[in-house]
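A, B, ... follow the sequence lines: proteins, then strands. Residue 1 opens every chain. Owing to the predicted nature of the structure, the values given are computational and were not obtained by experimental measurement.
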Protein chains: 2
Amino acid sequence: MTKKSTLVLVAERAGVSIASVSRVLNGLPASDGVTERVREAATALGYVPSATARSLKVGKTMQIALAVADVGNPVYVAMMHEVSRVVTEAGYRLVLSSTGSDPSDQIDFLAGLNRGFADGLIMSPLRVTDELVAALQETRVPVVIIGSLPAGVEFDNVRADSAKGIGLAVKHLVKAGRERIAFINGPVDTVPGAARLAGYMRAMTKHGMPLVADMQAAASDFTYRAGLDAARELFSQSTPDAVVCANDLLAVAAMKELSTRGIRVPEQVAVIGMDDTDIAELANPSITSVDLGSVKRARAAAKLLIRRLETPDAPVEQVVIKPSLTVRESTPGAPNLTP
Amino acid sequence: MTKKSTLVLVAERAGVSIASVSRVLNGLPASDGVTERVREAATALGYVPSATARSLKVGKTMQIALAVADVGNPVYVAMMHEVSRVVTEAGYRLVLSSTGSDPSDQIDFLAGLNRGFADGLIMSPLRVTDELVAALQETRVPVVIIGSLPAGVEFDNVRADSAKGIGLAVKHLVKAGRERIAFINGPVDTVPGAARLAGYMRAMTKHGMPLVADMQAAASDFTYRAGLDAARELFSQSTPDAVVCANDLLAVAAMKELSTRGIRVPEQVAVIGMDDTDIAELANPSITSVDLGSVKRARAAAKLLIRRLETPDAPVEQVVIKPSLTVRESTPGAPNLTP
DNA sequence: AACGTTCTTGTAAACGATTACAAAGGGAAC
DNA sequence: GTTCCCTTTGTAATCGTTTACAAGAACGTT
């Protein structure tokens, strides 16, 4: 390990003042002689400026915090990855907080944010409580929210149109002639859960299909395990010819349950997932999935935050990402590779 | 957004010196009167100490950096999650760097580390070059490496015994009466790739099975896509009755290719993955996988680093995590749920 | 030669905390 | 009442930068 070395050391060795060193190293004008001596001294001493000291003085940490609810879900991983890419490119570091889905954890985290360890925050809350909103308002640094917010709450915000997304899924199934389209949702008290249920109902109604309770199940969580239970419940009470799932993990679970029951996908039951994550492609058969633009959302959120840091009083911006459908093997009318 | 407030403001309001404020807030002894007035003032002003200023003074950032090579691989996600849990509990924040697998990225990152934005680093390099080792030696903060290191390089280190892990897999297959055990590896020029190949060869020899080139394939990457190519190559040149994969993603790819060829798993070909990640369980049939203790490794690495931060000159420690086998549906002799 | 510009450079004051040190206050012991 | 000791509090230095300001140097203009 090399010794630490400070501006003072460099200044002494170069025989100039620390101000000159700072100027040279920051590219401010200086005479050739001084520039050269400082450069030489700096490299000779292996000088690296202290991030902390700089942060204290200039009031920026060059760090951006990302708070995600559920690291087990591949869609968050994909988002995280993209956020990481964008902020790194802009010269920021990424501080990750995998707060549980528990809102109180998230609130604690927000309180910590006020210590100023990051210049801004990107957050994708699963559940939005009043307390969370209040804590967000109290925050000293800019926040960008990924996901929908209660009406009247104004933050830079980027969200998916999951209702329209489900519309795409249902339309695709209707076109393929499916008539009994079921829905496996996640918890309805979450923001995406509520939105996706609403979307399902709207889409079914639009296509003149009945809304029956037997054709709907809600998993207790957006996880594979919970999805298995929900699928078991659904298929034991009704016989759909297609099932839309609020999530790719739930879709994998549905396919597993169908396989256990000896029901063939997509011939007997078509399956559609949401988020279009890696596992939709990994699954066998691969899963047709609604792409809610998670990567685009992540990218937009990161850019929004960086813009806000650069121009603090730009008007609040709300971005909506359009969904699209990635057709794979789990629905008919697709490249079906099964022999 | 609340206004920022500093020690000075609190001190003024409480009618005491900033030293007293600091002491009260840090729980150092103070008279009841002062304590109370400071408390009152602090909450009234919504005072939150500045992380940056504190860091500068005490020389600790309370941040730990984690550099992972490949965020696309679920095993790294699992590790990241566990590291996050441990460091958060110990009061540290996690700074994430998803440096590509490119060593030069990682070296840049190490150079940045010397600015002192984190108190320590956990790194799991896929490839260990001389330059990387050199850069690691130059680092001003403690580093813990997850994965094997060249002989003679001394860092706190935690690694899996993947040779023994492959041994478990082969043994399991031999017991089940399989005689033609193939191997799909990742790139051999990576640390895990090399170790796993060595383990396969050792295990095969130990069980008196021939090592034939036809029964081995190396994917260009530890990814699903690369795995598909490798599996295609393997199964077009030989007819194993079992295949060990260096990775769960590669195992999923192998199963996909087998399914495309109409070969039944596990009846005709048994499949074993490694890392025992979520997708081993999600796959259908679920995949028997060698648990290389990724979560344990992550936990051990985090604890090792925290210990090092607390006792800087403790002796270097090298932890090896024992592998185990999680038997699922992709191998016989397992709870086989297929009807 | 005196003056005004412009360019370089150094001095010193921040940023917001922690903490060594000293001073003051309050008992207890004699 | 004096001495000694312990507790409480304030003063001021410090961490390593950036940067406002001022001083000095260099140079052209008249």
Each nucleotide of nucleotides 13-27 of chain D classed B (base within 4.0 Å of a protein heavy atom), S (only sugar-phosphate) or -, in 5' to 3' order, makes -BBBBBB--------

_Side chains of Asp275(B) and Ser294(B): any donor to acceptor distance under 3.5 Å?_
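Result is no, nothing qualifies.
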
TODO: Check Arg37(A) against Gly15(A) and note the closest heavy-atom contact, atom names and distance.
DONE: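 Of all heavy-atom pairs spanning Arg37(A) and Gly15(A), the closest is NH2-O, 4.0 Å.
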
Grab the two heavy atoms, one from Asp156(B) and one from Glu317(B), that are nearest each other, plus how far apart they are.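 Closest approach of Asp156(B) to Glu317(B), heavy atoms only: OD1-N, 2.8 Å.
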
- Query: With a 4.0 Å cut-off, would you call Arg39(B) and Glu36(B) a salt bridge?
  - Reply: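 A salt bridge is absent here (no side-chain N lies under 4.0 Å from a carboxylate O).
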
> Is there a side-chain polar atom (N or O) of Ser31(B) under 4.0 Å from OP1 or OP2 of dT9(D)?
Replying inline: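 Answer yes for this pair, as a side-chain N or O of Ser31(B) is under 4.0 Å from OP1 or OP2.
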
message = Applying salt bridge (Lys or Arg N to Asp or Glu O under 4.0 Å) as the test, list every pair that has at least one member in residues 19-29 of chain B; sequence neighbours left out.
response =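 Pairs touching residues 19-29 of chain B that pass the test: none.
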
Q) Does Met80(B) offer a backbone N or O that forms a donor-acceptor pair with the side chain of Ser84(B) under 3.5 Å? A)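 It does not hold such a pair.
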
Just by distance, do the side chain of Arg299(A) and the backbone of Val83(A) share a donor-acceptor pair under 3.5 Å?
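Checking the backbone N and O of Val83(A) against the side chain of Arg299(A), no donor-acceptor pair under 3.5 Å is found.
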
Rounded to 10°, tell me the angle between the two end axes of the helix from dA1(C)-dT30(D) to dC30(C)-dG1(D), each built from five pairs.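 That helix has its two terminal axes inclined by roughly 60°.
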
- Check: Ile145(B) and Ser124(B) side chains under 4.5 Å, non-hydrogen atoms: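 No; the side chains remain at least 4.5 Å from each other.
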
Task: Protein-nucleotide distance (Glu36(A), atom CD; dT9(C), atom P), rounded to Å - done: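 Value for this atom pair: 13 Å.
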
Between P of dC15(C) and CG of Leu9(B), the distance in whole Å: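 After rounding, the gap between these two atoms is 11 Å.
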
